[in-house]
Amino acid sequence: MISKKQQDISRRSFLKLLGGGAVATAAVMAGCKSKTESKAVEEYKQQVEPPVGKMTYRTNPNNQDKISILGYGMMRLPSKTENKDDFDQEMINRQIDYAIEHGVNYFDTSPVYCQGKSEACTGIALKKHDRKKIFIATKLSNFHPDTQSREASIAMYQNSLKELQTDYIDYYLLHAVGGAMFEFEKRYVENGMMDYLMKEREAGRIRNLGFSFHGKKEVFDEILATHDKYHWDFVQIELNYLDWDYADEISKSNVDASYLYAELQKKGIPAVVMEPLLGGRLANLPNYLAAELKSHAPERSVASWAFRYAGTPKGVLTVLSGMTYMEHLKDNLLSYCPLVPLSEQEQEYLHKKVADRIVGLENIPCNDCKYCMPCPYGIDIPAIFVHYNKCKNEGTLPRENVDAEYAKLRRNYLIGLDRAVPRLRQADHCISCGQCEPHCPQSIRIPRELRKISEFVEELRRSQEA
């Protein structure tokens, strides 16, 4: 892929879509219930059925695993009710069945996803399918100090096998390393877990061992330098057309995907891609950018540009997507059944004509990953940020003395906020305890941003009452 920085130095006919991705908001991607979601789902429903038997596969060069380019991320599961934790197992089963029917064979989960219920839901959904034809990925998510002892970490690993109803894991990851090297050492080395996991790999209970990365360049380099010792089979990185050249500019603790991918390529390590849509942000582009993408390819959804981008590099084994609704799954299948790689000109267009302008928006760089949750005081941190960013992208943030329709915009923002986030879970209830901040892969100064939004909302409410 063409790197903008390198250039400076020397420097989907797709089946017809009606553009559901252009209106798919980040709230939709997170499974929130709203009028916006209903509109997006209705537009998604106008798309045609994806074909069977057309999935693009990538071959793992190290073991010849044939992996679907679309991987199913079990991080955002459908719920039965307004309670997001009331997961709809029947719908999960249907979506997994549909995905497998259309060629998806890689399923990624974690002990901490969906309030700790993702592995069990995934195990139930996959149980009736031929185990030899699917690849299960899960993680050692021992973030909390209470889970970092050898005994507690082994118990987490063994519980993953139990919940997933399997006797082996195809792709096992050390979860979210990169914040600091001493954290990596404490979670995996000093407690003897790396020795344990390598023995599990030798015994075949772990087929591939790798890690997912969020963090600093120097930590990535140092961990990758242990390849001769640990023989990393794969690495999961954040890769999309915004992070390719701008990750370190958006968040000083992140690393450009162009660098991460190139370093993996040097060592022949396959890449698994996460966050191809940046938590929905690249499907929920500002209206003028969405319209521009549609003008270039009316038959494609806005989201499809990001998925085709993430799947284009040859060293990418699979691209993970959290698909809350069947409509999300179908749209992504249309992008990858089959994948039509982006041309160099299309990649360049995304780099210089789209990504450049997204960076200038100065949004809160929240990907809705929910690693900051649960908040001990019940604040719905991601939903607050998602609502703010959505309004900013759409140009509907009320700005007194600037907007002629200030009263209308103010009312719409407050009503939308109350619909998206219950009052008791809004920013004004933050006490700045800071428990959330160390868990944010984007290094967002969460209490500070919540305080700014709280002050902004309070001013809107005072103005409304005046």
Side-chain angles (χ1 to χ4, degrees), residues 1-15 17 19 21-22 24 56-58 69-71 235-250 254-266 269-286 288-321 331-361 365 367:
M1 301 179 76
I2 300 172
S3 167
K4 183 176 79 65
K5 289 182 177 177
Q6 291 172 342
Q7 290 172 343
D8 288 342
I9 294 172
S10 54
R11 267 227 67 102
R12 202 191 215 195
S13 170
F14 257 67
L15 295 172
L17 295 177
T56 294
Y57 293 90
R58 291 275 167 80
I69 190 66
L70 177 60
V235 174
Q236 188 165 303
I237 61 173
E238 190 172 301
L239 188 155
N240 51 71
Y241 64 78
L242 185 57
D243 281 330
W244 186 256
D245 278 321
Y246 290 109
D248 62 351
E249 185 170 333
I250 295 170
N254 275 355
V255 187
D256 287 349
S258 55
Y259 178 82
L260 302 176
Y261 178 77
E263 293 303 299
L264 295 179
Q265 285 291 95
K266 291 177 185 177
I269 302 175
V272 171
V273 169
M274 57 183 163
E275 298 292 354
L277 288 178
L278 270 176
R281 288 163 62 196
L282 299 185
N284 183 40
L285 294 177
Y288 66 93
L289 284 178
E292 187 173 309
L293 283 174
K294 295 300 291 181
S295 71
H296 281 272
E299 77 280 8
R300 300 176 186 155
S301 72
V302 170
S304 74
W305 283 87
F307 278 101
R308 290 176 62 216
Y309 183 93
T312 292
K314 297 296 185 181
V316 169
L317 193 60
T318 190
V319 177
L320 302 177
S321 177
D331 191 49
N332 294 345
L333 287 169
L334 285 165
S335 291
Y336 287 151
C337 292
L339 164 67
V340 177
L342 289 176
S343 67
E344 291 190 359
Q345 291 76 17
E346 288 174 315
Q347 294 173 52
E348 183 72 0
Y349 166 69
L350 290 176
H351 290 149
K352 291 196 169 183
K353 301 298 183 181
V354 181
D356 274 355
R357 285 180 281 176
I358 294 175
V359 172
L361 292 173
N367 294 347

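Below, each value reflects all heavy atoms present in this structure, side chains not excepted, and no hydrogens, waters or symmetry copies.
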Once side chain to side chain donor-acceptor pair (under 3.5 Å) is applied, do any residues pair with [X], and if so which ones, sequence neighbours excluded?
| X | result |
| --- | --- |
| Lys266 | Glu263 |
| Thr318 | none |
| Glu292 | Tyr349, Arg357 |

Just do the side chain to side chain contact (heavy atoms under 4.5 Å, CB included) check on Leu282 and Ile358 with the steps written out, would you?
CA-CA 9 Å; Leu282 299 185; Ile358 294 175; 3.9 Å; yes
Output the distance between atom [atom1] ([X]) and atom [atom2] ([Y]), rounded to the nearest 0.5 Å.
| X | Y | atom1 | atom2 | result |
| --- | --- | --- | --- | --- |
| Lys314 | Arg58 | NZ | CZ | 5.5 Å |
| Gln345 | Gln347 | CD | CD | 9.0 Å |
| Asp245 | Lys352 | CG | NZ | 9.5 Å |
| Leu320 | Met274 | CG | CE | 8.5 Å |
| Tyr57 | Leu317 | OH | CG | 13.0 Å |
| Leu334 | Glu299 | CG | CD | 11.5 Å |

Closest contact, heavy atoms only, [X] versus [Y]:
| X | Y | result |
| --- | --- | --- |
| Leu339 | Thr312 | CD2-N, 4.4 Å |
| Leu242 | Ala355 | CD1-O, 3.8 Å |
| Gly311 | Tyr336 | N-OH, 3.8 Å |
| Leu277 | Ala283 | CD2-N, 4.1 Å |
| Ala247 | Asn254 | O-CB, 3.8 Å |
| Tyr241 | Leu285 | OH-CD1, 3.8 Å |

Is the shortest side-chain heavy-atom distance between [X] and [Y] below 4.5 Å?
| X | Y | value |
| --- | --- | --- |
| Asn240 | Arg281 | no |
| Val359 | Glu249 | yes |
| Tyr259 | Asp248 | no |

Under 3.5 Å donor-acceptor, Tyr261 side chain and Gly315 backbone:
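Side chain of Tyr261 to backbone of Gly315: a pair is present.
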Testing Pro276, Ser304, Ser321 for side chain to side chain contact (heavy atoms under 4.5 Å, CB included) with Ser335, which one passes?
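For Ser335, the side chain to side chain contact (heavy atoms under 4.5 Å, CB included) test succeeds with only one of Pro276, Ser304, Ser321, which is Ser304.
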Just say parallel, tilted or perpendicular for the rings of His351 and Trp244, cut-offs at 30° and 60°.
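If you compare the ring of His351 with that of Trp244, the planes turn out parallel.
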When you look at Asp243 and Leu260, which way does the side chain to side chain contact (heavy atoms under 4.5 Å, CB included) test go after all the steps?
CA-CA 10 Å; Asp243 281 330; Leu260 302 176; over 6 Å; no
